[in-house]
Amino acid sequence: QVQLVESGGGLVQAGGSLRLSCAASGSIFSLNTMGWYRQAPGEQRELVAAIISTGGTNYRDSVKGRFTISRDNAKNTVYLQMNILKPEDTAVYYCHVQTRYGMAYWGKGTQVTVSS
């Protein structure tokens, strides 16, 4: 079992920055991919960014150049640095991890609201 604890969401003005954190605990020895998804009202949940255990990353096109995902394996924590935030980034952001055996775990979600 893996538990995920998220922090860092909140309200920010357009052009501002936020950093989301997600700390994993429990059966963490088998963690592989860590990442962030988001879901805006009336829309499908979408991948924002993901990072594998060795550091390779993948980003949604709309956030490239603005968002940076990173991980601290010693702390079992994944971060999402969000810069130049736009109102369209407003969504509930969900931490996601996947083990090397294919088990997936989700955080409860944290609200990010970007005002114009």
Side-chain angles (χ1 to χ4, degrees):
Q1 190 70 245
V2 173
Q3 297 80 45
L4 304 176
V5 179
E6 302 161 329
S7 63
L11 175 65
V12 66
Q13 290 182 272
S17 299
L18 285 173
R19 189 178 77 158
L20 305 182
S21 299
C22 175
S25 62
S27 301
I28 58 176
F29 63 92
S30 62
L31 294 180
N32 186 13
T33 301
M34 305 184 76
W36 294 91
Y37 287 71
R38 69 186 182 188
Q39 187 169 22
E43 299 182 10
Q44 299 294 312
R45 188 173 298 186
E46 63 186 20
L47 174 69
V48 179
I51 184 167
I52 61 175
S53 60
T54 52
T57 59
N58 186 38
Y59 295 92
R60 175 180 172 82
D61 284 345
S62 63
V63 308
K64 288 181 178 178
R66 299 189 298 120
F67 292 10
T68 302
I69 190 169
S70 61
R71 64 192 288 168
D72 185 335
N73 289 331
K75 296 181 178 180
N76 300 301
T77 299
V78 61
Y79 305 93
L80 185 67
Q81 179 67 46
M82 304 184 292
N83 298 324
I84 320 175
L85 282 161
K86 304 175 180 179
E88 51 262 46
D89 295 318
T90 296
V92 177
Y93 284 69
Y94 296 90
C95 182
H96 174 268
V97 303
Q98 186 170 353
T99 72
R100 60 186 175 182
Y101 305 114
M103 296 295 295
Y105 299 88
W106 294 91
K108 67 179 182 180
T110 184
Q111 179 70 47
V112 172
T113 302
V114 184
S115 62
S116 60

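- With Tyr79 as the aromatic partner, Arg71 does not meet the cation-pi criteria of under 6.0 angstrom to the ring centre and within 45 degrees of the ring axis.
- Put simply, the side chain of Thr33 never gets that close to the backbone of Ile52: no donor and acceptor are under 3.5 Å apart.
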Would you please test Leu85 and Leu18 for side chain to side chain contact (heavy atoms under 4.5 Å, CB included) and show each step?
CA-CA 8 Å; Leu85 282 161; Leu18 285 173; 4.2 Å; yes
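- Smallest separation of non-hydrogen atoms from Gln39 and Glu43: NE2-O, 3.1 Å.
- Hydrophobic clustering (side-chain heavy atoms under 4.5 Å, transitive across Ile, Leu, Val, Met, Phe, Trp, Tyr) groups Tyr105 together with Ile69.
- Enclosure of atom CD in Gln13 is not indicated, since only 12 or fewer non-hydrogen atoms of other residues, nucleotides or ligands lie within 6.0 angstrom.
- Taking 4.5 Å as the limit, some side-chain heavy atom of Val63 sits within range of a side-chain heavy atom of Val48.
- Taking CZ of Arg38 as the start and CG of Leu80 as the end, the distance is 9.0 Å to the nearest 0.5 Å.
- The heavy-atom pair separating Val2 from Ser27 by the smallest distance is CG2-O, 3.5 Å.
- For Ala40 against Ala91, the heavy-atom pair with the smallest separation is N-CB, 3.9 Å.
- Distance CG/Leu4 to NE2/His96: 9.0 Å, rounded to 0.5 Å.
- At least one cation-pi condition fails for Arg60 and Trp36: the charged atom is not both under 6.0 angstrom from the six-membered ring centre and inside a 45 degree cone around its axis.
- In this structure, OG on Ser62 lies 7.5 Å from NZ on Lys86, to the nearest 0.5 angstrom.
- Within the 4.5 Å cutoff, side-chain heavy atoms of Arg45 are placed close to those of Trp106.
- Between the Tyr59 side chain and the Arg66 main chain, no donor and acceptor come within less than 3.5 Å of each other.
- Note that the CZ atom of Arg19 and the OG atom of Ser70 stand 7.0 Å from one another [nearest 0.5 Å].
- By the 4.0 Å N-to-carboxylate-O rule, Asp61 lies close enough to Lys64 to be salt-bridged with it.
- At a cut-off of 3.5 Å, with distance as the only test, a side-chain donor of Ser17 or Asn83 sits close to an acceptor on the other residue.
- In terms of hydrophobic clustering, with Ile, Leu, Val, Met, Phe, Trp and Tyr side chains grouped at heavy-atom distances under 4.5 Å, Leu11 and Val114 are assigned to different clusters.
- Of all the heavy atoms in Ala49 and Leu47, the pair that sits closest is O-CD1, 3.6 Å.
- Met34 and Tyr94 are assigned to two separate hydrophobic clusters, defined by single-linkage of ILVMFWY side chains at heavy-atom distances under 4.5 Å.
- The line from CZ of Arg100 to CG of Asn32 is 9.0 Å long, rounded to the nearest 0.5 Å.
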Side chain to side chain contact (heavy atoms under 4.5 Å, CB included) assessment of Val78 paired with Ile51
CA-CA 8 Å; Val78 61; Ile51 184 167; 4.0 Å; yes
Output, in order, the C-alpha distance, side-chain angles, deciding distance and verdict of side chain to side chain contact (heavy atoms under 4.5 Å, CB included) for Val112 and Thr90.
CA-CA 5 Å; Val112 172; Thr90 296; 6.0 Å; no
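- Using a 30° and 60° split on the angle between ring planes, Phe67 and Tyr93 fall in the tilted class, from 30° to 60°.
- Both Leu20 and Val12 are part of a single hydrophobic cluster, where members link through side-chain heavy atoms under 4.5 Å apart.
- Put simply, Ile84 and Met82 are part of two different groups of oily side chains (I, L, V, M, F, W, Y) that touch within less than 4.5 Å, one to the next.
- Taking all atoms of both residues into account, the shortest heavy-atom contact from Ala14 to Ser116 is CB-CA, 4.3 Å.
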Trace of the salt bridge (charged side-chain N to carboxylate O under 4.0 Å, His left out) decision for Lys108 with Glu6
CA-CA 8 Å; Lys108 67 179 182 180; Glu6 302 161 329; over 6 Å; no
